[in-house]
Each structure stands twice: as C-alpha cells, then as structure tokens.
Engineer: 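Before I ask anything, let me first share the structure, which is written out below as structure tokens.
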Amino acid sequence: MPQMKFCPQCLSSMPVASVICPFCGRRMINQNPNGTLPYGTVLMDRYTIGEFISNDGEGVLYQAVDQQGPVRVTIKEYLPVTLAEDRDETGALHSKPGCEVLYKTTRMDFVDLYKELMKITPSTGLETVLNVVETNNTAYAILENPGGMPLNEYLQMKGTHIPPAEARSMLLPVFEGVSAMHQAGLLHRGISPNTIRVQENGKARLSGYATLGLRTLGSPLHAHLYEGYSAPEQYDKAEFEGRYTDSYALAAVFYRMVTGQAPLPAVQRRVADTNPLARNLDPNLPAWLSQILEQALALNPKNRIQTVNTLMSSLTSPTAAQAVQKDNKKKERHKYQFMGILSGVLIFSCFLAVLVFWGWTKIGGAEPAPTATPEPTATPAKKEYVPDFVGMTWSQIQSSGQYTGHFRFSLQEEYSEDVPAGTIIRQNPEANTTITENSARMITLYVSKGPENVVLHNVVGFTQESAVAELQKQGLTARCVMQANDGSYVTGCVIKTDPAASEEVAPGSEVIVYIAAEPHQDVKNEEQIAMMQATPQPTPEAQQ
C-alpha cells in the first residue's frame, strides 16, 4: 500500500490516512455514487480517484490525479451496467450470473480500443490516452485532462450559428484526428457536440471514445447514441458501420454549427425524411455547401461522402465540392445502368424458360396410358439452397424478409474497380450450396466500396509540367491557375494544391494546381486566374 496520496483538489501530497487535506482543507468524504470507486481511492499505487463526472452504458468517468506528476487526469473505468453486478470491499467488480463470458470479451474490446488509441495519441484533435491498466477484475483508461468546454455549451453561449469559415477552422483538428483513427482501422461512432470540446485557443478536440457495443442499438451494452448525430446504421446492429458513419456525424456537427439547428434524428428521418436543407435555415449559406451537407447526411451509406478528408475538402472548396457531386452522379448513373442490364437479363431468362416449357409439353404426342396409383410413401425432405446474392445491394437483401428471416449475414468491404459501391461482389458459401439442418445459415457477403481513393502526392515545388505529369500518373486531372507572387516563390513552380497533399480523392478527380506567376505580375481577380489553364508554356528556345 502507498504511504502517500495526492489531494484531487489541490494536488498536494498527504498521508493515505488523512481525511482532510492540510493544504486546501478539502475533506476526503466520499460523495461518489454507490457502485463507483470512492473519492480518494488510490489505484495501482499511482492514481488518486477524485470526483465522479459521468457514466454511460459502458463505464464511469472520474476526475483523478497521476501522482507521478502530479498532474490532473481523467479516468474511465470499464463498468457496463447491463453486465456488471456489484463491487466487493476490495474494489473488484463482479459480472452478473450468466454474463461472465460476455463481460470478459467486452472488457477485452475496451482494453484493445484504448491500447490502439495510445498508439496514435497524442495526435491533433484527439484527447490523449496516457495509459491502460487492468485491475479490480476490470480495466481503466487513463486520459489527459481535456480542458475547454463541450461544444454544445459553447454554441449555447454564443447563442447564434457560426460562419462556415470559422466552423471549418474550429473543426479542422477534429477532422485530422478522425482521419488518423480511420487510418489505424478505428471508428469513433460518437462524434457530437457533447464529445467535442472547444479549447481556449478556439480549436476543437474530440473525446468520448467507446466500443462498438455502446454506440450500436441492440447490443449487449446499454447503448448511448446522440440524437441527430448518430448515423442510421447505428440503430440496427445488423447493419454494417464504416468510415462513412463518422462522416455522417461530422457533417451533422457542421450542420448544427452553421445553421443553429441539429439535423433531425436518423430514426425519424427513416420514417419521413423532412430534414431541412442547410440553406433553407440560413439563406446566406452557399448553395454548394448546402448540397454537400445534404449528401454527407444521406440515409443510405453508399450515397454519402465516404471519407472525412473528402468531406473536409468539400466543405472548404467549391471546386472540390463539385468534383464530389460529379462523382456521385456518375455512381448513380452506373447503378441505373446495372439495374437496367439485370432487368433485361431476367426478362430474357423468363421468356426462354416459357419457350422451353412449351416445347417440352409438345413432345410425346398422345397422352400416356394411365398407370396404377403407387402406394403412398414418405415425402422426401425438400432441399434448400443458398440464394445468389452477387449483384444485389445490401439494402435490397435487408428489405426482403425471405432472406433476413432465414439467414444471418456478415459483411466485409472491399475496393473494386468494376463493381459499383454497395453491390455484392461475391459470397461465402457460394450460391446454390445445399443447406442441411445442421448448417449455420451464416453467409459472408463481400460488398464493393467502389474504386479505392487516391492519396494525393505532394507536388509543391514541382515545375508546372512535372506536377501535371505526376498527377496524371495517379489518374488525376490537373487544372493549373496562376497565383500572384511577391517574389517569395520560384516562378513557374507549384505553390499549393487544392485538395492538399496527402488527402484522399476519388480516381479521376480534378486537382487545382497553383503556379507562381512572375514576381509582381498583376493578377487582377479570381475570374482572370481561372482562365489561365494548365498548358505548359514553350521555352524561348522552342519559340525560335
């Protein structure tokens, strides 16, 4: 046992047995709720538990002190209300009878999540995970003291909506943080004004990490979703969640910031989608911005903006927004073309089947002589086969009771250059596989994510000709425009691109490449700049 502990109020060191801090006078009386760790508890001989902050279906949040600093931290204890029963005098948690295995596996999910987050934090826009410890038959995530105030309180204090440029600037660190999570294979699923905090410098930071169970309705945990910000697929545990789930939430937060009103809850929109366009709430918003938010908040995941990098660039640049909308229209066109071909094939197959049946009935001429009626025998069991789901969409499968009532599905996403996004590429077991009574009726569906996005190469500093060639290698098109130059840049070289380097863009997207003009050349306005297209200029030698 440690001989000293730290006052959670003033961070002063004092004997473990002390009930009053000799420095600030704070009494070490426990006022934390029953079932939580008492105020002043020393965890792992290092962390002094302070006041209870909040709880959700997954765990409890405490103020605390890391005695190695000493510094203030926040601690989240894994304490699922649906699986944990009580805590004994040593502080150890016990699972409810019959929930032992589920309690253990969900606790492992909690530990794995926060250990993965430790690898990418500290990171821009993300609350830092400092440590993960396991004791008391549970686990604890040690988090930095977040500081600032929740975004929902900030917005209430402002009392009005925020201009788009200011909202983009505030949320940029959060977009970068969520992108880092996605690159590590993690999803947040809880992005909302409640889990975003505004720091003293005006920038936002994301907190509120949680496992899948807490952010999905119908899971073994008591789900905790955010009305208006949680995506539709989070309300049904049978639906697949992906990066587009976080894109929906980020778009919803941006919508709230620039309009002053949260989007309608997803479950309500599924019944009747009357969510107002952002521009209807604020006519001063640009039409392109309103359209991007509408697309990012699409109920069908495959119609949404898929990545946070694409979403952020679309909310920043009208040109990038137009490229995203153009790509979406192209996908819609491919979808209808595919459905038209499929319908034609089905009609032809039916016609052919009728002809074959008609021809078969004509063979044999006269009616056959009657035969003796056989003795009744046991009717053989009707064989059942796995349906063919290839070429269908997940929404089509879900809407058909004949499938969802008889089979369980596992979804896997894959990139595909040939199959439209959202369409089933292949399945396991394959179609027409015989199903027996002992079959598990579990079918894995491999769903197309469409073509893989391209990570834009950094061409800043390249000559115009080299930059265009480099982008063409990536399957992108370049539109070069001249940029005024006060002498700080090398004439004819790239200053910046839109989207910026390292952002993900759809194959074939247009990239605006800004080229440094001659020093002090008069570049009058944006319209004039836009007319200067990206055709490499001949050298003086070539002109001669």
Side-chain angles (χ1 to χ4, degrees), residues 124-125 151 161-183 191 196 198 201-206 243-244 246-259 263 277-279 282 284-298 304-328 453-460 467 471 476-481 483-484 494-506 508-515 525-527 529-530:
T124 302
L151 178 60
H161 55 264
I162 296 176
E166 183 180 342
R168 285 192 294 263
S169 178
M170 288 179 64
L171 290 179
L172 179 59
V174 174
F175 274 84
E176 293 175 347
V178 177
S179 178
M181 289 185 66
H182 291 177
Q183 290 176 15
I191 301 167
I196 294 175
V198 182
N201 61 3
K203 301 296 184 181
R205 180 170 291 178
L206 183 61
R243 294 181 297 177
Y244 45 72
D246 287 340
S247 295
Y248 183 101
L250 283 167
V253 171
F254 195 91
Y255 180 102
R256 164 64 181 89
M257 294 175 73
V258 300
T259 67
L277 297 177
R279 204 176 187 198
D282 182 0
N284 295 320
L285 290 174
W288 63 268
L289 184 66
S290 180
Q291 292 166 358
I292 282 296
L293 288 174
E294 180 185 17
Q295 182 179 343
L297 292 171
R304 269 182 232 150
I305 295 174
Q306 299 293 299
T307 69
V308 295
N309 288 338
T310 302
L311 176 61
M312 189 58 187
S313 63
S314 301
L315 294 173
T316 305
S317 163
T319 304
Q322 291 170 3
V324 169
Q325 291 167 350
K326 181 179 178 182
D327 181 62
N328 188 56
N453 284 347
V454 177
V455 178
L456 186 63
H457 288 176
N458 186 5
V459 295
V460 174
L471 294 175
L476 305 173
T477 58
R479 181 165 69 91
C480 298
V481 297
Q483 180 77 25
V494 179
I495 298 174
K496 61 180 180 179
T497 61
D498 184 10
S502 300
E503 290 192 12
E504 292 187 7
V505 296
S509 296
E510 181 182 77
V511 178
I512 303 177
V513 182
Y514 293 89
I515 308 296
N525 53 52
E526 188 173 343
E527 287 73 26
I529 296 173

Engineer: Hey, is the main chain of Ala287 close enough, under 3.5 Å, to the side chain of Ser290 for a donor-acceptor pair?
Structural biologist: no
Engineer: Testing the basics here: between Ala251 and Leu293, what is the closest heavy-atom pair and its distance to 0.1 Å?
Structural biologist: O-CD2, 3.7 Å
Engineer: One pair to check against side-chain contact (heavy atoms from CB on, under 4.5 Å): His182 and Val308. What are the steps and the verdict?
Structural biologist: CA-CA 9 Å; His182 291 177; Val308 295; 4.0 Å; yes
Engineer: Just so I know, are the side chains of Ser509 and Val454 near enough to count as touching, which here means a heavy-atom distance under 4.5 Å?
Structural biologist: no
Engineer: Is any side-chain heavy atom of Val481 closer than 4.5 Å to a side-chain heavy atom of Ile512?
Structural biologist: yes
Engineer: Please report the shortest heavy-atom distance between Pro499 and Leu456, naming the atom on each side.
Structural biologist: O-CD2, 3.0 Å
Engineer: Between Arg168 and Leu315 (side chain of the first, backbone of the second, donor and acceptor by atom type, cut-off under 3.5 Å), is there such a pair?
Structural biologist: yes
Engineer: What's the spacing between Ser169 OG and Glu166 CD if we round to 0.5 Å?
Structural biologist: 7.5 Å
Engineer: What distance do Arg243 atom CZ and Glu504 atom CD have between them, rounded to the nearest 0.5 Å?
Structural biologist: 5.5 Å
Engineer: Gly508 and Leu476: which non-hydrogen atoms are nearest, and at how many Å?
Structural biologist: N-CD2, 4.0 Å
Engineer: What's the spacing between Leu311 CG and Ser179 OG if we round to 0.5 Å?
Structural biologist: 11.5 Å
Engineer: I need the minimum non-hydrogen distance between Leu285 and Leu289, along with the two atoms involved.
Structural biologist: CD2-CD2, 4.1 Å
Engineer: Would you say the side-chain atoms of Arg304 pair up with the backbone N or O of Ala298, donor to acceptor, closer than 3.5 Å?
Structural biologist: yes
Engineer: Do Leu297 and Phe254 have side chains that approach each other closer than 4.5 Å (heavy atoms only, starting at C-beta)?
Structural biologist: no
Engineer: Within a strict 4.5 Å, meaning less than it, do heavy atoms of the Met312 and Leu172 side chains meet?
Structural biologist: yes
Engineer: Please name the pair of heavy atoms, one in Asn453 and one in Ala506, separated by the smallest distance, quoted to 0.1 Å.
Structural biologist: OD1-CA, 3.7 Å
Engineer: Ignoring hydrogens, what is the shortest heavy-atom contact between Val494 and Val460? Give both atom names and the distance.
Structural biologist: O-CG1, 3.7 Å
Engineer: Just wondering, do Tyr244 and Ile305 contact through their side chains at under 4.5 Å, heavy atoms?
Structural biologist: no
Engineer: What's the separation between atom CG in Leu250 and atom CZ in Phe175, rounded to the nearest 0.5 Å?
Structural biologist: 4.5 Å
Engineer: At what distance, to the nearest 0.5 angstrom, does CZ of Arg479 lie from CG of Asp498?
Structural biologist: 9.5 Å
Engineer: Among residues at least two apart in sequence or on other chains, which ones pass side chain to side chain donor-acceptor pair (under 3.5 Å) with Arg279?
Structural biologist: none
Engineer: Donor-acceptor pair, distance only, cut-off 3.5 Å: does the side chain of Thr259 make one with the backbone of Asp282?
Structural biologist: no
Engineer: Nearest 0.5 angstrom please: Glu503 CD to Thr497 OG1, how far?
Structural biologist: 8.0 Å
Engineer: Going by heavy atoms in the side chains, are Ile196 and Met170 under 4.5 Å from each other?
Structural biologist: no
Engineer: If only atom types and distance count, is the side chain of Ser313 paired as donor or acceptor with the main-chain N or O of Asn309 below 3.5 Å?
Structural biologist: yes
